[in-house]
Number of protein chains: 2
Amino acid sequence: MKPSLSTKQLQLLDTAESLFSQKGFDGTSVRDIAEAAGINTAMISYYFGSKEKLMEEIFERKSLNIKEKVANLLKDDSLNPLEKMYSLVDMYIEGILSRKTFHRILLCEQIINQNPSIITMLDKMKTKNSEYINDLIRLGQRKGLFKKNIDIPMMTNTLIGTVSHTLVNLDFYKTYHHMEGLKDEEFERVVKKRLSVHIKNIYKAILTHES
Amino acid sequence: MKPSLSTKQLQLLDTAESLFSQKGFDGTSVRDIAEAAGINTAMISYYFGSKEKLMEEIFERKSLNIKEKVANLLKDDSLNPLEKMYSLVDMYIEGILSRKTFHRILLCEQIINQNPSIITMLDKMKTKNSEYINDLIRLGQRKGLFKKNIDIPMMTNTLIGTVSHTLVNLDFYKTYHHMEGLKDEEFERVVKKRLSVHIKNIYKAILTHES
DNA sequence: CAAAATTAATTAAACGTTTGTTTAATTCCC
DNA sequence: GGGAATTAAACAAACGTTTAATTAATTTTG
């Protein structure tokens with residue numbers, strides 16, 4: 001069990017996450033972070049050891065762990081396989097859009113990160129997430145409800161890709177649909193709902209036999 | 001008309017593009033680029049003015065311009081609206097996967113870039129691309145073949161998002177499907193084909209009335 | 001056509017900043 | 001009073017860019 005963090009440590013993590021998501025890891029200096037958090041620069045090394053380890057801490061705290069939720073989904077008898085997939089879709093939408101800043105960082109670091117411990121973390125996450133979706137789809141196939149020849153990673157790519165690209169282009173989406181007047185929370189609610197409907201439609205069409 | 005670039009300038013652009021896509025703009029130094037290209041560091045400022053302008057040059061040269069192609073699509077009488085959408089899907093898959101390094105940069109810079117002239121470039125690109133898809137979908141709707149209540153940006157998000165997320169996770173996809181043995185070109189061919197089939201299925205299901 | 005003059009390309013070195021981290025001194029709190 | 005928290009200052013290294021000197025290429029000239 002890791003020691004819990006102090007208020008100032010959490011403040012540094014939040015500030016760093018915000019700046020990393022705006023300017024990237026390499027584009028953000030420890031002085032930027034410290035100044036924005038109103039804390040002395042040396043405290044970052046003092047608390048976390050280094051800028052890199054601060055980033056690792058952010059990843060450890062914010063990485064999406066849906067293991068337990070999916071396990072519960074699998075053994076939930078009140079839902080049919082398609083409904084379980086629907087539930088998984090909503091989990092991802094919620095998980096990504098309610099962690100917007102972190103996921104912006106994630107999108108960049110997936111491409112340019114060279115930090116070994118973060119690479120390991122990302123690999124584990126991808127493998128796990130893929131296994132879960134695997135299990136759910138296999139279940140639907142065994143029950144004869146889903147088609148046999150499903151390209152499972154492609155399904156994941158559409159789910160995560162659509163949500164991620166929506167996240168990156170949120171402003172464009174808001175402007176396009178003339179929703180500038182909406183409050184932030186309401187706009188977010190609308191986007192989540194539309195993503196949900198949109199992706200569920202896709203999943204139904206690709207997974208099941210009927211139209 | 002811009003003056004055409006010398007061999008060494010092109011060499012610098014290619015080297016820079018490759019390094020930016022691996023380590024990001026801020027994670028790549030002008031010394032990195034110059035050394036990798038076997039050219040003196042000062043030549044970057046000499047040729048392009050600055051590191052930032054070098055990046056702008058990369059964007060100007062590699063940004064996807066599908067205007068003409070879509071214009072031809074719109075007036076092509078031999079294709080029905082759905083076939084036109086299919087053609088558009090393939091354009092994007094080809095455009096993104098045949099410019100892998102550039103699009104990795106694009107994915108990062110969409111999030112963290114602060115360079116005004118690149119922001120402008122990206123905005124224009126997004127607006128244009130959105131208009132094209134708009135025109136194509138409206139055409140199908142006027143002809144009564146497409147549904148009325150289509151969330152057009154959401155269609156774009158799924159197209160670009162799926163292709164982009166596939167690009168970022170190419171290695172994972174290769175491993176998952178046990179295609180490590182394939183030659184690079186063949187693997188790329190397979191991925192393009194699968195993306196094509198996958199996304200066209202999605203588009204057909206969402207755009208048209210039939211199953 | 002060769003020599004001279006001019007322009008362009010290339011270099012190593014230096015420029016002033018900024019980088020992440022460490023130090024040593026100080027303040028704070030129990 | 002003693003251990004943790006906080007500070008300003010200093011550290012060397014790396015950053016993007018500029019400079020001034022040199023070489024290469026091109027143009028002008030006799």
### Query
Atom NZ of A:Lys51 to atom P of C:dT18: distance rounded to whole Å?
15 Å
### Message
Donor-acceptor check, side chain of A:Asp76 to backbone of A:Asn72, threshold 3.5 angstrom: yes or no?
### Response
no
### Query
Is there any salt bridge (Lys or Arg N to Asp or Glu O under 4.0 Å) pair reaching into residues 13-34 of chain B, and which pairs are they, with sequence neighbours excluded?
B:Glu17-B:Lys62, B:Lys23-B:Asp32
### Query
Which residues, if any, of residues 27-38 of chain A bring a heavy atom under 4.0 Å of DNA chain C?
A:Thr28, A:Ser29, A:Val30, A:Arg31
### Task
Using the heavy-atom set of chain A and a strict 4.0 Å cut-off, write down the first and last nucleotide of DNA chain D that makes it in, 5' to 3'.
D:dA4 to D:dA10
#### Entry: Near-ring test B:Phe102/B:Phe20, centroid separation under 6.0 angstrom
no
#### Entry: Within-4.5 Å side-chain heavy-atom neighbours: B:Asn115 and B:Phe59
no
### Set of ring pair (Phe, Tyr, Trp, His ring centres under 6.0 Å) partners for A:His198, sequence neighbours left out
none
### Message
Do A:Leu182 and A:Lys174 make a side-chain contact, defined as non-hydrogen atoms from C-beta onward lying under 4.5 Å apart?
### Response
no
#### Entry: Residues in contact with DNA chain D, drawn from residues 41-50 of chain B - heavy-atom cutoff 4.0 Å
B:Thr41, B:Ala42, B:Ser45, B:Ser50
### Task
For residues A:Tyr86 and A:Leu79, determine if any side-chain heavy atom of one lies less than 4.5 Å from a side-chain heavy atom of the other.
no
### Query
Do B:Asp90 and B:Lys192 meet the salt-bridge criterion of a basic N to acidic O distance under 4.0 Å?
no
### Query
How sharply is the helix from C:dC1-D:dG30 to C:dC30-D:dG1 bent, taking the axes over five pairs at either end and rounding to 10 degrees?
10°
### Query
Ignoring hydrogens and geometry, is there a side-chain-to-backbone donor-acceptor pair from A:Lys51 to A:Phe25 under 3.5 Å?
yes
## Note on the structure
Taken to the nearest whole Å, CG/A:Asp26 to P/C:dT18 is 18 Å
### B:Ile44 vs B:Ile33 side-chain heavy atoms within contact, under 4.5 Å
yes
### Message
Side chains of B:Val191 and B:Arg194, heavy atoms from C-beta outward: is any pair under 4.5 Å?
### Response
no
### Message
Using whole Å, what does the distance between atom C1' of nucleotide C:dT19 and atom CG of A:Leu54 come to?
### Response
16 Å
### Task
Could you check if a side-chain atom of A:Lys53 sits within less than 4.5 angstrom of a side-chain atom of A:Glu56, using non-hydrogen atoms only?
yes
### Query
Is it true that a side-chain atom of B:Thr158 and a backbone atom of B:Met155 form a donor plus acceptor pair closer than 3.5 Å?
no
### Task
Rounded to the nearest angstrom, tell me the gap between atom CG in A:Asn40 and atom P in C:dT21.
14 Å
